[in-house]
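Computed from a predicted model, the values in this text were never measured in an experiment.
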Amino acid sequence: MRVPFSMPVRVFAGTVLGVFAGVFLFAEAAHWRSSRRRLGDCDTSDGRRSRSDRWSCPDTRALTTADSDQIIIVLGYANRGQRPNGINRFRVRAGLRSIDPTARSTLLILCGGAVTGRTPEALILERFARDELGFAGRTVLEAQSTTTWENIANAIPIIDRELTPATTISIVSNSHHAEKARDHLWQMRPDLARRLVRGGDYRFGEHPLVKPIAAVRGLLALRALDRENAKHAAGH
């Protein structure tokens, strides 16, 4: 016996699957693209140099994480309690997977003050990295900042202290937030921004339910940032 509404049900199911597939691909493409934007002119992870028309590499070869002195900046997220929330756990894991075992040295700068709780985000990030993920490397805490701009501004003196000719810099968060932070570094210190290379924040298929929301919010924030930058440039 044939079910009279089998065809409409099949069409509806196909439509729903198509919508989900479209949303999934949109989110993946948005995060992938953002993870590769506003890098330094010496990043070669995608086979080309960015901003090469404006800046040159700090030395005669393209900077990569191999045989470099890695500085990885992990940006904290508002955390009410002592335990890291899901976003902060993701960011720490992304920071640790940004480490290249062939690098000459690695330093993690963990950023974030006590924004919504009593404990600085930087301390929560470090505890999670050491106590739960077993990280035993070097860390520096930047525990005063309350905004992304302050994250970068307060990390710069730490970078300056650690800087070597072979230093590479990665900024780790979700892809769009990390791109925003890289833009801030380009505005404050283009000499350091030239050293920006990709972090480990993007992985295909990771957090498929969160990525679409993060993509929309991130793209809107970056669009607003671009408008601000254009307005500032026009004023000068």
Side-chain angles (χ1 to χ4, degrees), residues 16-51 63-65 70-79 84-100 108-112 121 125 128-129 133 147-149 151-152 155 168-187 193-230:
V16 171
L17 287 174
V19 169
F20 276 115
V23 170
F24 174 81
L25 292 175
F26 155 75
E28 289 295 330
H31 283 271
W32 179 88
R33 181 172 181 267
S34 198
S35 71
R36 287 160 170 77
R37 295 183 71 219
R38 307 186 210 229
L39 295 170
D41 53 324
C42 299
D43 180 88
T44 58
S45 58
D46 61 357
R48 63 180 178 83
R49 296 182 183 181
S50 60
R51 296 186 184 247
L63 284 176
T64 65
T65 52
Q70 276 189 288
I71 293 179
I72 300 169
I73 304 169
V74 182
L75 306 179
Y77 180 79
N79 209 109
N85 56 35
I87 294 175
N88 281 327
R89 291 197 298 273
F90 163 75
R91 293 183 184 185
V92 172
R93 288 192 176 98
L96 295 187
R97 72 192 186 202
S98 301
I99 297 173
D100 188 334
L108 256 60
I109 302 177
L110 305 170
C111 294
E121 296 158 13
L125 298 176
F128 181 65
L133 300 182
T147 66
T148 307
W149 183 270
N151 286 160
I152 301 306
T168 62
I169 301 169
S170 300
I171 300 177
V172 175
S173 181
N174 67 64
S175 298
H176 297 91
H177 186 223
E179 183 186 347
K180 178 180 179 179
R182 291 194 294 270
D183 184 90
H184 291 345
L185 186 59
W186 274 108
Q187 292 185 56
R194 290 159 55 196
R195 299 172 177 272
L196 284 167
V197 298
R198 283 181 57 205
D201 44 55
Y202 174 77
R203 277 189 177 177
F204 180 80
E206 190 173 48
H207 304 303
L209 298 180
V210 176
K211 268 184 180 172
I213 299 170
V216 172
R217 293 180 61 184
L219 289 171
L220 290 174
L222 288 171
R223 184 174 296 180
L225 178 65
D226 287 337
R227 283 198 299 265
E228 276 183 41
N229 290 346

Mark yes or no for whether [X], through its side chain, and [Y], through its backbone, hold a donor-acceptor pair below 3.5 Å.
{"X": "H31", "Y": "K211", "result": "yes"}
{"X": "S98", "Y": "A94", "result": "yes"}
{"X": "N79", "Y": "E121", "result": "no"}

Interatomic distance, [X] atom [atom1] to [Y] atom [atom2] [nearest 0.5 angstrom]:
{"X": "R91", "Y": "N85", "atom1": "CZ", "atom2": "CG", "answer": "8.5 Å"}
{"X": "N151", "Y": "H184", "atom1": "CG", "atom2": "NE2", "answer": "8.5 Å"}
{"X": "I72", "Y": "I169", "atom1": "CD1", "atom2": "CD1", "answer": "11.5 Å"}
{"X": "L39", "Y": "E179", "atom1": "CG", "atom2": "CD", "answer": "8.5 Å"}
{"X": "I71", "Y": "I171", "atom1": "CD1", "atom2": "CD1", "answer": "11.0 Å"}

All N/O donor-acceptor pairs, side-chain side in residues 199-210, below 3.5 Å, sequence neighbours left out:
{"unit_1": "D201", "atom_1": "OD1", "unit_2": "S175", "atom_2": "OG", "d": "3.3"}
{"unit_1": "Y202", "atom_1": "OH", "unit_2": "E28", "atom_2": "OE1", "d": "2.7"}
{"unit_1": "E206", "atom_1": "OE1", "unit_2": "R97", "atom_2": "NH2", "d": "2.8"}
{"unit_1": "E206", "atom_1": "OE2", "unit_2": "R97", "atom_2": "NH1", "d": "2.9"}

Would you name the heavy atoms of [X] and [Y] that are closest together and state the gap between them?
{"X": "A155", "Y": "C111", "result": "CB-SG, 4.4 Å"}
{"X": "V92", "Y": "A129", "result": "CG1-CB, 3.7 Å"}
{"X": "L196", "Y": "W186", "result": "CD1-NE1, 4.0 Å"}
{"X": "A215", "Y": "A27", "result": "CB-CA, 4.3 Å"}
{"X": "S34", "Y": "L222", "result": "OG-CD1, 3.9 Å"}

Practice task
Determine whether L185 and R38 make a side-chain contact, defined as any pair of heavy atoms from C-beta on separated by less than 4.5 Å.
Solution key: no

Problem - Pairwise side-chain contact, L108 with L96, heavy-atom cut-off 4.5 Å (strictly under) - result: yes

Exercise for the section: Could you pull out all residues at least two apart from R33 that satisfy side chain to side chain contact (heavy atoms under 4.5 Å, CB included)? Expected result: R37

Exercise for the section: Return the set of residues passing side chain to side chain contact (heavy atoms under 4.5 Å, CB included) with R227 (not counting sequence neighbours), or none when no residue passes. Expected result: R223, A224

Exercise for the section: Among L75, V74, L110, L125, find the residue that satisfies the side-chain contact (heavy atoms from CB on, under 4.5 Å) test when tested with N88. Expected result: L125

Practice task
Could you walk me through whether V197 and Q70 pass side chain to side chain contact (heavy atoms under 4.5 Å, CB included), step by step?
Solution key: CA-CA 10 Å; V197 298; Q70 276 189 288; over 6 Å; no

Handout entry: I213, CD1 atom: more than 12 neighbouring heavy atoms under 6.0 Å
Key = no

